Student: 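Okay, here's the structure, questions in a sec.
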Amino acid sequence: MFEWIPAYQRFLLDVTLIDIILVISLLILFQCGLFSMATAGFAAIGGYTSALLVTDADWPVPLGILAAVFVGATLAVSFGLPVLRLRGIYLALGSLALAQVIVIGIANVGFTNGVFGISGIPTEVTTGWLVAIVAVILLVMELIHRSHFGRAMKAIRLDEHTAAGLGINVFAYRMATFGIGGAMAAMAGALEAHRTAVISPDQYDFGLLVVLLTYMFVGGVEHWLGPVLATIGFRILNENLEFAGTDWENFYYGSILVVVMLLAPDGLTSRRFTQRLARIFRRRPDLAT
Amino acid sequence: MQQTINGLASGSIYALLGLGVTLIWGVLHVLTFTHAQVLTWGAFGSLIAINRGYPVPVAILVGMAVAAGLSVLIDSTVLEMLRRRGASEYAFVVATIGLAFMLESILRNRTRARVEPYSRDGFPRGPIELLGQNVPKLQLAVLATSLIAMAGLAIWLNHTRAGRGMKAVAYSPETATLLGINPRFIYAVAYTVSGMLAALAGVFVAVSTASVSYSSGDRLLLTAFAVIILGGMGSVPGAVVGGLILGVIEVYATVHVSSKFSEVVAYLVILVVLLVRPSGLFGAKEATRV
């Protein structure tokens with residue numbers, strides 16, 4: 001279906017689509033007021049679950065990916081049960097520690113082949129699959145955004161006590177969101193594994209989280225469209241800037257994060273920022289006269 | 001016994017790190033993800049001074065000055081702007097993560113990602129006989145430094161005007177301003193002290209491994225967080241006790257399980273303490289619960 005696209009462009013498209021799934025998995029948590037840093041860990045779980053089931057146990061690829069989603073959701077829920085009573089910085093630290101335990105664990109146990117990773121994973125995931133999956137995810141995100149569920153999430157993010165007072169079961173919503181987020185990150189990891197054929201623990205490091213945070217905060221946390229556009233925009237930018245892939249790439253992501261936090265902490269598409277911009281532009285003619 | 005001594009030695013470096021992070025958390029309620037980079041920059045500062053032929057104490061002071069300057073610079077630019085706009089908690093986390101990435105990237109490019117040798121000349125060397133055990137003099141020096149730093153911090157916070165001012169600002173910046181204390185000055189002081197402690201830890205890390213590179217501090221960031229979560233966030237004695245305990249646990253984990261297992265000890269400590277007792281050993285108040 002997408003074979004007419006040149007191979008390199010198709011590769012870029014695949015990478016971008018998988019990044020979009022990861023960013024959405026981070027965003028859905030943030031929209032519920034949860035600042036979790038475990039995304040890379042869940043992606044690693046998903047990638048390894050599917051890769052091991054398919055290569056060692058000869059499962060078909062779709063079944064492996066489904067298993068990855070199931071394992072990701074189960075792990076997220078079982079981790080969420082004790083951890084979701086933590087707030088803010090404590091949750092961020094706890095989830096970061098969890099991600100590190102997962103990745104270091106994978107690098108040090110035998111059946112995952114340690115730091116060398118797994119190679120020769122069947123690559124059945126095509127661009128068509130990814131487009132379909134991302135389309136479904138974005139459709140669901142839009143439905144959630146417009147539904148009671150989405151408004152409840154927003155209420156929890158803005159003020160959880162008021163939300164609880166309005167009859168929203170804060171804990172249940174957070175658990176559900178955490179499970180969905182874990183499942184999506186695991187699915188992205190599994191899809192990535194079946195796209196590249198090779199996975200190793202070091203690809204799920206802290207740098208991945210920083211890149212995803214950049215996409216999410218630049219795009220804005222209020223609606224899914226912002227982060228999706230930001231992910232695509234950064235990919236295009238990355239292809240056209242000469243320092244991409246060099247050591248300066250980290251500098252560039254780091255400085256963008258800092259600048260966005262200073263100018264528009266809720267992202268460039270947030271209402272707070274756009275209204276400020278609008279005010280600035282409206283004022284300009286007055287200054288000219 | 002020998003293992004406990006080794007654990008206390010590495011633990012006292014963790015304690016120095018934890019003291020710096022806990023001070024910032026206690027005063028500003030900011031978790032500084034830049035702390036590991038400040039440590040590395042401080043270590044490089046002292047390395048440059050040593051390579052220029054300055055004596056060790058001067059080199060340590062140079063490293064501390066570099067780290068303190070960097071910390072204050074971060075605070076008075078980015079963090080001050082965030083404070084002015086009343087940014088939420090996550091904004092500080094994300095901004096300091098971004099800053100840490102920038103700082104690491106600069107060092108990586110300046111050093112071309114090389115591991116630089118760090119001379120041990122002029123630092124205490126060789127073992128000393130103590131209670132029938134061989135204790136390396138360097139580790140004794142590290143332990144003494146962290147205990148002195150803890151005692152100094154505790155006395156300073158409780159018995160000097162500037163220290164009490166810091167506690168007032170930590171309690172409420174608005175009230176402190178009414179009482180004639182300048183919170184911005186207090187923040188700068190807190191960052192200076194925190195940076196100096198980080199540089200000390202950085203020098204000790206560099207000496208004990210006889211090398212320093214742009215990634216020297218990477219692993220230590222989450223170790224520092226583990227220390228202050230274990231000790232109780234914002235608690236000065238907690239940071240020292242937490243650091244020493246973590247150091248001992250890591251050494252025991254290496255000896256009795258495997259050296260690979262010791263890598264995850266810090267993260268497991270974070271998880272377990274958050275689940276069992278989020279306020280840590282000495283924490284004054286609990287993490288918010290539902």
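Here the structure is a predicted model, which is why all the values come from computation and not from measurement. Residue numbers start from 1 in every chain, and the chains themselves are labelled A, B, ... in the order their sequence lines are given, proteins ahead of strands.
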Student: Most heavy-atom pairs under 4.5 angstrom with chain A, which of B:Ile270, B:Val273, B:Thr96?
Tutor: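 Of the options given, most contacts go to B:Ile270.
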Student: Can you see which heavy atom on A:Gln100 is nearest to which on B:Leu222, and at what distance?
Tutor: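 Taking every non-hydrogen atom into account, CG-CD1, 3.7 Å.
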Student: Taking the ring centre of each residue, are B:Phe101 and A:Tyr252 less than 6.0 Å apart?
Tutor: no
Student: With a 4.5 angstrom heavy-atom cut-off, could you sort out which part of B:Tyr214 is near chain A: side chain, backbone, both or neither?
Tutor: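 Neither part, no heavy atoms under 4.5 Å.
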Student: Please state whether the side chain, the backbone, both or neither of A:Ile102 comes within less than 4.5 Å of a heavy atom of chain B.
Tutor: neither
Student: Return the CG to CG distance between A:Leu96 and B:Leu221, rounded to the nearest 0.5 Å.
Tutor: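 Answer for the CG-CG pair, A:Leu96 versus B:Leu221, is 8.0 Å.
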Student: Looking at B:Leu103, B:Val269, B:Asp218, B:Ile97, which has the largest count of heavy-atom pairs under 4.5 Å with chain A?
Tutor: B:Ile97
Student: Does atom CZ of B:Arg110 have more than 12 heavy-atom neighbours, drawn from other residues, nucleotides or ligands, at distances under 6.0 Å?
Tutor: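 No, because the 6.0 Å sphere around CZ of B:Arg110 holds 12 heavy atoms or fewer from other groups.
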Student: Counting C-beta onward and ignoring hydrogens, is there a side-chain heavy-atom pair between B:Leu274 and A:Val83 closer than 4.5 Å?
Tutor: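 They are not in contact (no side-chain heavy atoms under 4.5 Å apart), so the answer is no.
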Student: Need one label for B:Val94: side chain, backbone, both or neither, based on atoms under 4.5 Å from any heavy atom in chain A.
Tutor: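 Both backbone and side chain.
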Student: Might you confirm whether atom CE of B:Met81 has over 12 heavy atoms from other residues, nucleotides or ligands at distances under 6.0 Å?
Tutor: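 No.
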Student: Quick check on the interface: out of A:Thr214, A:Ile256, A:Leu213, A:Leu262, who has the most heavy-atom pairs with chain B under 4.5 Å?
Tutor: A:Leu262
Student: Would you call the rings of B:Tyr90 and A:Phe35 parallel, tilted or perpendicular if under 30° counts as parallel and over 60° as perpendicular?
Tutor: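 Correct class here is tilted.
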Student: Within a strict 4.5 Å, meaning less than it, do heavy atoms of the B:Met102 and A:Val258 side chains meet?
Tutor: yes
Student: So B:Trp25 and A:Ile89, do their side chains get closer than 4.5 Å, heavy atoms only?
Tutor: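 In short, these two side chains touch, coming nearer than 4.5 Å.
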Student: Does B:Leu31 reach the side chain of A:Leu93, with side-chain heavy atoms less than 4.5 Å apart?
Tutor: yes
Student: Which heavy atom of B:Arg85 sits nearest to which heavy atom of A:Met261, and what is that distance?
Tutor: CD-O, 4.4 Å
Student: Heavy-atom pairs under 4.5 Å with chain B are the metric here; pick the option from A:Phe206, A:Phe30, A:Tyr253, A:Phe79 that has the most.
Tutor: A:Phe30
Student: Compare all side-chain heavy atoms of A:Asn250 with those of B:Glu104 and state whether any distance is below 4.5 angstrom.
Tutor: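 Not in contact.
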Student: Can you give me the closest heavy-atom contact between A:Gly94 and B:Leu271, atom names plus distance?
Tutor: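 Reported closest heavy-atom pair: O-CD2, 3.3 Å.
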